[in-house]
Amino acid sequence: MSHSVIKTDVALVGAGIMSATLGALIRRVQPDWSISLFERLDAAAAESSDPWNNAGTGHSALCELNYTPKTADGDVNIDKALNINEQFQVSRQFWAYAVDNGILGDPSEFINPIPHVSFTHGQAGVDYLRKRYDRLAGQVLFEGMEFIDDEATFSERLPLMSSGRDFSDPVALNWFTEGTDVDFGALTQQLINNIGESGADIYFGHGVTNLSKQSDGSWMVKVRNMRTKEKFTVHAKFVFVGAGGGALHLLQKSGISEAKGFGGFPVSGEFFRCTNPDLVSEHQAKVYGQAAVGAPPMSVPHLDTRVINHKPGLLFGPYAGWSPKFLKSGKITDLPFSVKPNNLLPMLSIAPQEFGLLKYLISELAASRADRVNTLGEFVPRADGADWEIITAGQRVQVIRKTGVGGSLEFGTAVVTADDGTIAGLLGASPGASTAVPAMLNVLEKCFPKEYAGWKPTLTEMIPSFGQKLSDNRDLFRQVWDWTNASLQLRRDAVAPQVDTEPAQATAV
C-alpha cells in the first residue's frame, strides 16, 4: 500500500467520541459521502473516551459546582449550568434517536440512571448549596432537584458517606434523582461499529503524520501503518481532527491560520477505584464536592458510581498529576514540540497568571498515598486504603488561547475550524464528551454552510428540539424527556441501575 492514494469525502482522525459522533451524524444527513477513520491505537475510545479515563458523569451541570460559581455579592451564577445542561439534552436526544433507529444497541451498555448530587459541609458550604438550589430548582431543566441538610436523609441516601461522619459539621446536598452514568467507551464503539457497517473504512493502528492543503481546498493526509511502518496518502475533501491531546500538533501541521496562537497545558490525573461489592452497594450516586482553593475546575473531588459492562464500581478523585505528554500513550516531547513562534508568548504568560494552579499541582505531586486516603476521608470517613487502588486517568490538554500579546488558560472545549470549512478540530477537555453532539453540530454548521440548510429536516427528526431552547419551552422539554427516558430505558422512578453484583474490572476499550 506504500505510495498509494486513497480518496475519501470525509477523513476522521481519532476514534474517540467526537469523531464517532460526527461520523454518525454525517452518515444520516449525507449518506452518499464516503468516510474514512484513522486511529493510531488498536481500539476505539482507548484514550479520553475510555470509561476508566473519565468519570462518565455525562456532564449535565446537575451536580458539578464549578458550573455554578459564587458571585462577588454572594449570589450564584447559573448561566454556564443552563448552557451545559441544554447541550447535554441535545446529546440525549440523538442517543435516543440512535437507539430507536438501530444505530445504537442496548442502551444499558452505555447509559444507566444514577442520581447526581452536589455535596458541601461547613456553614458557608450549606448556605452556598441553599442559594444554588434556590436559583436552579425553578428552572425547567432542573425541576425535581432536592435540597437536603438533615442527618437522617443524608444517611439514608448516602450510607457510605454517612458512616463515621461527625454531623456537628453541617452538611448539605443538592440531589437530582434522574442523573445518568455514561460509558463513553461503549457508546463510541457502538457508533463506530455502525459507521463501519454502513460502508465507512475504519483503520486501526494507523497514525496520521501530516496534513497538507491542496490548491482546490482538499487535503492530502499522510498516514502510517503503526505495525508495518508502511505509508500511504489519503486525498480528503474534509478533515476532522478529533484526536484528543493529539489534535493540537496536527492542527499546527495543517498550517491553518485559525490554529495559530493556540497552546496546550497538559494535566494528568489519577483516581482511587473500589470494586469491593460491600462498599459499592452502599453508594449509588455521583457526588461532587468543591475544588480546593487555587485548584483548577477539573480537579473538583467526586465519588462516583460507575457502571461498566453492567458491573458497578466506585471512582474517587481526581488526584492531579503532571506529565508533558499530550496523550496517555503520547511522548514526553509532546509539550516542548508544541511550542511554536506564534504561541510562545501566550504559553510563557500562563505561569505567572496561574501561580495558584502551579502551586496546587506541585502539592498534589508531593502527596503520599496516606495523604490521598485522608482526602478520600472527606467523602468516606471510614475509608480504608486497602479497599482502593490507584488508576491513571486520561491526559487532558487545557487550551491556551492567545489574548493580546499574552494568553489565557481555558478549562473547556474549543472547536477550531478553517475559514473555508475544509478542516476542523477539537481542543480542550470538560465538558467534552457529554456535549459531543452539539459540538459536532457546530462543526457541520461552520464547515458545510451550503448543505446545512438542507440537512435541517433530518437534524430535527434526530433532535426534536433542534434550533430551540428547551429551557424556554417546558412542554417540549417534557415531551423529549419522556421520549429519551423511554428509549434509553432510564426509569423515572429509578435511583440505581439493576446491575450484576460482581465487581467491575478495568476493560480495554
Side-chain angles (χ1 to χ4, degrees), residues 6 8-31 33-54 56 58 91-92 94-111 182-208 221 223 225-227 234 236 238-247 250 308-309 327-329 394 424-426 432-441 443-444 462 488 507-509:
I6 296 172
T8 189
D9 291 317
V10 176
L12 304 173
V13 184
I17 186 63
M18 294 297 174
S19 292
T21 300
L22 183 60
L25 288 170
I26 289 175
R27 180 54 80 225
R28 301 305 281 194
V29 298
Q30 199 71 45
W33 284 2
S34 55
I35 298 174
S36 300
L37 183 148
F38 304 92
E39 168 57 51
R40 191 170 56 91
L41 302 177
D42 291 325
E47 280 280 354
S48 296
S49 301
D50 179 280
W52 287 118
N53 283 347
N54 64 71
S91 293
R92 265 181 68 126
F94 175 67
W95 299 338
Y97 169 88
V99 169
D100 291 348
N101 289 274
I103 299 168
L104 294 172
D106 177 1
S108 69
E109 297 285 343
F110 67 87
I111 190 166
V182 185
D183 180 342
F184 286 105
L187 177 60
T188 300
Q189 286 178 319
Q190 288 195 28
L191 288 172
I192 288 177
N193 285 344
N194 180 264
I195 297 166
E197 288 166 3
S198 65
D201 295 315
I202 313 293
Y203 295 83
F204 288 112
H206 284 73
V208 171
V221 183
V223 180
N225 185 316
M226 306 304 289
R227 292 180 290 273
V234 177
F238 170 76
V239 177
F240 175 71
V241 184
L250 288 173
I308 298 170
N309 292 336
L327 290 163
K328 201 170 174 179
S329 61
L426 195 90
S434 312
T435 58
V437 177
M440 294 305 97
L441 289 174
V443 168
L444 291 179
M462 294 191 285
L488 297 174
T507 52
V509 270

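From a predicted model like this one, the values you see are computed outputs, not experimental measurements. FYI, side chains are in, hydrogens and waters are out, and symmetry mates aren't considered; it's all heavy atoms of this structure.
Here the shortest heavy-atom pairing between Leu41 and Glu39 reads N-OE2, 2.8 Å. When all heavy atoms of Ala436 and Ile17 are compared, the closest pair comes out as CB-CG1, 4.0 Å. The nearest pair of heavy atoms linking Ile26 to Ile35 is CG2-CD1, 4.1 Å. His206 and Val223 get closest at one heavy-atom pair: CB-CG1, 3.8 Å. Taking all atoms of both residues into account, the shortest heavy-atom contact from Ile192 to Ala20 is CG1-CB, 3.6 Å. Closest approach of Phe204 to Ala43, counting heavy atoms only: CE2-C, 3.5 Å.
Ile103 has its side chain within reach of Tyr97: a pair of non-hydrogen atoms, C-beta onward, lies under 4.5 Å apart. Using a 4.5 Å cut-off on side-chain heavy atoms (C-beta onward), Leu37 and Ile195 make no contact. Between Met440 and Leu426, some side-chain heavy-atom pair lies under the 4.5 Å cut-off. Looking only at side-chain heavy atoms (C-beta outward), Asn101 and Met462 stay at 4.5 Å or farther from each other.
Using modelled atom types, no side-chain atom of Glu109 and backbone atom of Ala186 make a donor-acceptor pair closer than 3.5 Å. The main-chain N or O of Gln189 is found under 3.5 Å from a side-chain atom of Asn193 such that the two form a donor-acceptor pair.
Considering only residues two or more places apart in sequence or on other chains, Ala24 meets the side chain to side chain contact (heavy atoms under 4.5 Å, CB included) condition with Phe94, Leu191. Among residues two or more places apart in sequence or in another chain, the ring-ring contact (aromatic ring centres under 6.0 Å, His included) test is passed with Phe38 by Tyr203. In this view, Asp106 satisfies the salt bridge (charged side-chain N to carboxylate O under 4.0 Å, His left out) rule with no residue, not counting sequence neighbours. For Gln30, the side-chain hydrogen bond (donor to acceptor under 3.5 Å, both in side chains) partners at least two apart in sequence or on another chain are Asp32, Trp455. Applying the side chain to side chain contact (heavy atoms under 4.5 Å, CB included) test to Ser34 and every residue at least two apart in sequence or in another chain returns Thr8, Asp9. In terms of the ring-ring contact (aromatic ring centres under 6.0 Å, His included) criterion, residue partners of Phe238 (sequence neighbours excluded) are, by chain and number, Phe448.
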| request: Please test Arg227 against Asp42 for side-chain contact (heavy atoms from CB on, under 4.5 Å), starting from the C-alpha separation and ending with a verdict. | output: CA-CA 10 Å; Arg227 292 180 290 273; Asp42 291 325; 2.7 Å; yes
| said: Could you go through Leu444 and Leu25, starting from their C-alpha distance and side-chain angles, then the distance that decides it, and tell me whether this counts as side-chain contact (heavy atoms from CB on, under 4.5 Å)? | reply: CA-CA 9 Å; Leu444 291 179; Leu25 288 170; 4.2 Å; yes
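Atoms CG and OG1, on Asp183 and Thr188 in that order, are 8.5 Å from each other to the nearest 0.5 Å.
Within the structure, every pair that satisfies the side-chain hydrogen bond (donor to acceptor under 3.5 Å, both in side chains) test and touches residues 15-27, not counting sequence neighbours, is listed here: Arg27-Ser198.
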